[in-house]
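Note that the numbering runs from 1 along the sequence shown for the chain. Values in this document were obtained by computation on a predicted structure and should not be read as measured data.
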Amino acid sequence: MSFSERALKQHFFLPLPGILVLLAACQPESARQEKALRRQIAHELQNHSYVSAAPLARQLVQRAPQDERAWKYLLQAEVGLHDLEGARQSLGEWRKTVKSPSLKAEDYEGDIAREGHQFAAALTAWQKVIQSQPKNRRVREKIALLQQSQNHWSEADSTWSEALQMKDSATARINRAVCRRRLHRWPEAFDDLHRAQQLNPDDPDVRRWSRLFAGLGKFLDQIGEFDAKLAVLPEDVGLLSDRALLFLRSDDPELALDDAEKAARIAPWAMRPTLFRAIALIALHRARECESLSVREPLRLEYLSSEFLENLSRLDSAISVERANPEHFISRSWQLNEIGQPQLALQDAETAVRLDAKSAAALTELSYALSKLGRTEEAFERIKQATDLDSSSASAWQYRGELEMVRGNYLAAVDSLSRALGIHQTIASLQKREECYRHLGLQMRADEDRRAVEKLTASAPH
């Protein structure tokens with residue numbers, strides 16, 4: 001082979017890397033800039049840097065208006081920025097510019113509608129995609145998540161099942177388990193949970209829901225018993241409240257809230273559903289909603305003794321039968337005052353007073369609640385009415401004395417507390433009177449009360 005032949009062969013038969021370098025060198029500068037732009041946009045979107053990605057994506061659309069990937073980048077950035085108006089405009093321009101736009105446009109129409117809380121429109125758009133692409137698992141999962149967010153548990157369960165027929169995944173399994181939990185399909189829910197744990201035990205959602213299901217598992221037999229009873233009596237307020245309490249003990253505030261809200265709709269006069277709703281809302285970080293329930297924070301299930309819960313259950317049942325009996329509302333008001341819920345106690349006391357305007361016990365509970373709410377003048381007027389109506393009520397005289405102390409009238413307080421002690425001697429009344437005596441400079445009287453307190457304390461059962 002001659003020298004010239006060898007040179008010609010070397011010229012036309014470069015190694016592959018050399019060819020690529022040569023082709024790259026021959027590319028127009030604009031093409032290289034466009035490739036760099038695409039890489040940068042993809043990087044920004046991957047890192048959720050939507051502020052940076054949006055203007056870059058607009059540049060790309062101007063360079064390649066027929067490229068649907070460019071429009072997709074732009075819409076992804078605008079939806080990420082919650083610029084829904086801009087996204088709608090971009091989607092309209094995409095459809096005008098690109099001949100026969102793909103179903104990606106419908107997909108993004110659904111995304112925009114979902115972000116704008118137009119859930120029916122989102123579902124319609126995504127269903128169009130599914131009609132043309134029945135094996136589009138990603139869009140089915142979007143539909144399932146939307147159905148879940150709307151508490152359409154049966155529909156979401158069905159959609160997740162369709163997605164699972166295409167591919168078994170921890171995400172689909174754990175979400176279907178959540179749906180089946182809301183439907184109280186316990187064996188199936190736990191089966192899905194266990195499969196999700198097998199597929200991806202380190203997934204954050206799998207780990208989070210595993211903890212919740214572990215709490216449910218401890219009470220599953222009891223929950224099943226309530227499920228069976230409620231299948232026969234679905235609007236039994238007592239059963240719904242009992243199951244809500246069980247869900248709270250299981251550390252599942254969502255299911256507790258479901259039952260408590262249903263019970264509250266059926267029986268707005270019942271108190272257990274109100275307290276259980278508040279406890280569930282606080283656990284779900286929705287404490288602001290407790291204001292409409294007249295519940296004061298802090299409130300936790302562990303703050304409520306078994307005795308209190310039993311008494312409240314009994315009183316709710318009694319009120320359901322005798323709605324016009326003031327004694328039930330007085331007793332419940334006292335219970336609520338004791339756990340530091342004066343607004344709820346006030347409501348019950350006011351109901352009792354409406355039912356019996358001459359009830360000293362109702363006026364006493366009303367006074368106590370008003371005082372805890374900072375309405376001391378109203379509280380004092382009410383307690384005076386109580387002692388005028390019933391001069392033999394030790395609790396009314398004691399509380400009148402305490403309010404007189406707040407007003408700085410220690411002489412009047414001594415008189416009221418002495419009346420209370422003449423009816424029934426208590427440590428609290430003696431301690432308050434001792435305090436009054438010391439304010440008045442009557443140290444010997446104060447010492448006598450102190451010794452009486454010590455004697456009573458020593459004789460009290462331990």
Within a reach of under 6.0 Å around [atom1] of [X], are more than 12 heavy atoms found that belong to other residues, nucleotides or ligands?
{"X": "Glu291", "atom1": "CD", "result": "no"}
{"X": "Arg185", "atom1": "CZ", "result": "yes"}
{"X": "Arg69", "atom1": "CZ", "result": "no"}
{"X": "Arg207", "atom1": "CZ", "result": "no"}
{"X": "Lys104", "atom1": "NZ", "result": "yes"}

Check this for me, if you would: do [X] and [Y] make a salt bridge, where the nitrogen-to-carboxylate-oxygen distance has to be below 4.0 angstrom?
{"X": "Asp111", "Y": "Lys142", "value": "yes"}
{"X": "Arg438", "Y": "Glu435", "value": "no"}
{"X": "Lys358", "Y": "Asp388", "value": "no"}
{"X": "Lys262", "Y": "Asp259", "value": "no"}
{"X": "Glu78", "Y": "Arg58", "value": "yes"}
{"X": "Lys384", "Y": "Glu381", "value": "yes"}
{"X": "Asp415", "Y": "Arg419", "value": "yes"}
{"X": "Glu378", "Y": "Arg382", "value": "no"}

> Between Tyr303 and Ile339, is a side-chain contact (heavy atoms from CB on, under 4.5 Å) present by the stated rule, with each step listed?
Replying inline: CA-CA 8 Å; Tyr303 297 170; Ile339 65 162; over 6 Å; no
As an exercise, state the distance from [atom1] of [X] to [atom2] of [Y], rounded to the nearest 0.5 Å.
{"X": "Ile223", "Y": "Phe247", "atom1": "CD1", "atom2": "CZ", "value": "4.5 Å"}
{"X": "Gln40", "Y": "Leu56", "atom1": "CD", "atom2": "CG", "value": "4.5 Å"}
{"X": "Gln335", "Y": "Leu344", "atom1": "CD", "atom2": "CG", "value": "13.0 Å"}
{"X": "Leu309", "Y": "Ser241", "atom1": "CG", "atom2": "OG", "value": "11.0 Å"}
{"X": "Lys432", "Y": "Ser429", "atom1": "NZ", "atom2": "OG", "value": "10.0 Å"}
{"X": "Arg323", "Y": "Asn325", "atom1": "CZ", "atom2": "CG", "value": "12.0 Å"}

Beyond-backbone contact of [X] with [Y], side-chain heavy atoms, under 4.5 angstrom:
{"X": "Trp71", "Y": "Tyr108", "result": "no"}
{"X": "Cys290", "Y": "Ile282", "result": "yes"}
{"X": "Arg300", "Y": "Ile279", "result": "no"}
{"X": "Pro273", "Y": "Asp316", "result": "yes"}
{"X": "Gln347", "Y": "Thr351", "result": "no"}
{"X": "Ile130", "Y": "Asn136", "result": "yes"}
{"X": "Leu84", "Y": "Arg88", "result": "yes"}
{"X": "Asp348", "Y": "Met271", "result": "yes"}

Quick one: does any side-chain atom of [X] pair with a main-chain N or O of [Y] as donor and acceptor, under 3.5 Å?
{"X": "Ser359", "Y": "Ala362", "result": "yes"}
{"X": "Gln341", "Y": "Arg296", "result": "yes"}
{"X": "Ser210", "Y": "Val206", "result": "yes"}
{"X": "Trp397", "Y": "Ser391", "result": "yes"}
{"X": "Asn47", "Y": "Ser49", "result": "no"}
{"X": "Ser367", "Y": "Leu363", "result": "no"}
{"X": "Ser333", "Y": "Ile330", "result": "no"}
{"X": "Ser320", "Y": "Ser317", "result": "yes"}

Side chains of residues 406-414: which donor-acceptor partners sit under 3.5 Å, not counting sequence neighbours?
{"residue": "Arg407", "atom": "NH1", "partner": "Glu377", "partner atom": "OE1", "Å": "3.1"}
{"residue": "Arg407", "atom": "NH1", "partner": "Glu377", "partner atom": "OE2", "Å": "3.2"}
{"residue": "Asn409", "atom": "OD1", "partner": "Ala412", "partner atom": "N", "Å": "3.2"}

> Checking side-chain contact (heavy atoms from CB on, under 4.5 Å) for the pair Tyr50/Asp83: CA distance, chi angles, key distance, verdict?
Replying inline: CA-CA 11 Å; Tyr50 303 117; Asp83 179 11; over 6 Å; no
>> Under the criterion side-chain contact (heavy atoms from CB on, under 4.5 Å), I'd like the reasoning laid out for Ile319 against Arg332: C-alpha separation, chi angles, the key distance, then a yes or no.
In response: CA-CA 10 Å; Ile319 289 170; Arg332 198 168 71 177; 3.5 Å; yes
>> If only side-chain N and O atoms count, and only distance matters, is there a donor-acceptor pair under 3.5 Å linking Glu141 with Thr171?
In response: no
> Which residue pairs satisfy the salt bridge (Lys or Arg N to Asp or Glu O under 4.0 Å) criterion with at least one member in residues 162-183, sequence neighbours excluded?
Replying inline: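 Output for this query lists Arg140-Glu162, Asp157-Arg180, Asp168-Arg173, Asp168-Arg195, Arg173-Asp192, Arg176-Asp192, Arg180-Asp192, Arg181-Asp252, Arg181-Glu254, Arg182-Glu254, Arg182-Asp258.
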>> Per the salt bridge (Lys or Arg N to Asp or Glu O under 4.0 Å) rule, what does the pair list look like for residues 267-276, sequence neighbours excluded?
In response: Asp242-Arg272
Compile the donor-acceptor pairs under 3.5 Å between side chains in residues 118-129 and protein atoms, sequence neighbours left out, one pair per line.
{"residue": "Thr124", "atom": "OG1", "partner": "Ala120", "partner atom": "O", "Å": "3.0"}
{"residue": "Trp126", "atom": "NE1", "partner": "Asp107", "partner atom": "O", "Å": "3.1"}
{"residue": "Trp126", "atom": "NE1", "partner": "Asp107", "partner atom": "OD1", "Å": "3.4"}

>> Using side-chain contact (heavy atoms from CB on, under 4.5 Å), reason through Asp203 and Ile174 one step at a time and then give a plain yes or no.
In response: CA-CA 10 Å; Asp203 181 272; Ile174 201 64; 5.5 Å; no
If you look at every heavy atom in [X] and [Y], which pair is closest and at what distance?
{"X": "Ala446", "Y": "Glu434", "value": "O-CG, 3.4 Å"}
{"X": "Leu74", "Y": "Ser90", "value": "CD2-OG, 3.5 Å"}
{"X": "Ala105", "Y": "Trp94", "value": "N-CH2, 3.7 Å"}

> What do the steps show when you test Arg450 against Glu454 for salt bridge (charged side-chain N to carboxylate O under 4.0 Å, His left out), and what is the final call?
Replying inline: CA-CA 6 Å; Arg450 179 176 53 78; Glu454 291 170 353; 3.2 Å; yes
> Once the angle between the rings of Tyr368 and Tyr399 is folded into 0 to 90°, is it parallel (under 30°), tilted (30 to 60°) or perpendicular (over 60°)?
Replying inline: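 Rings of Tyr368 and Tyr399: tilted, 30 to 60°.
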>> Applying ring pair (Phe, Tyr, Trp, His ring centres under 6.0 Å) as the test, list every pair that has at least one member in residues 193-224; sequence neighbours left out.
In response: Phe190-Phe213
Return a table of donor-acceptor pairs under 3.5 angstrom between the side chains of residues 228-235 and protein atoms on other chains or two or more places apart.
none

>> Assess the residue pair Tyr437 and His439 against the criterion (side chain to side chain donor-acceptor pair (under 3.5 Å)); give the C-alpha distance rounded to whole Å, side-chain angles, the decisive distance to 0.1 Å, and a yes or no.
In response: CA-CA 5 Å; Tyr437 281 143; His439 275 286; over 6 Å; no
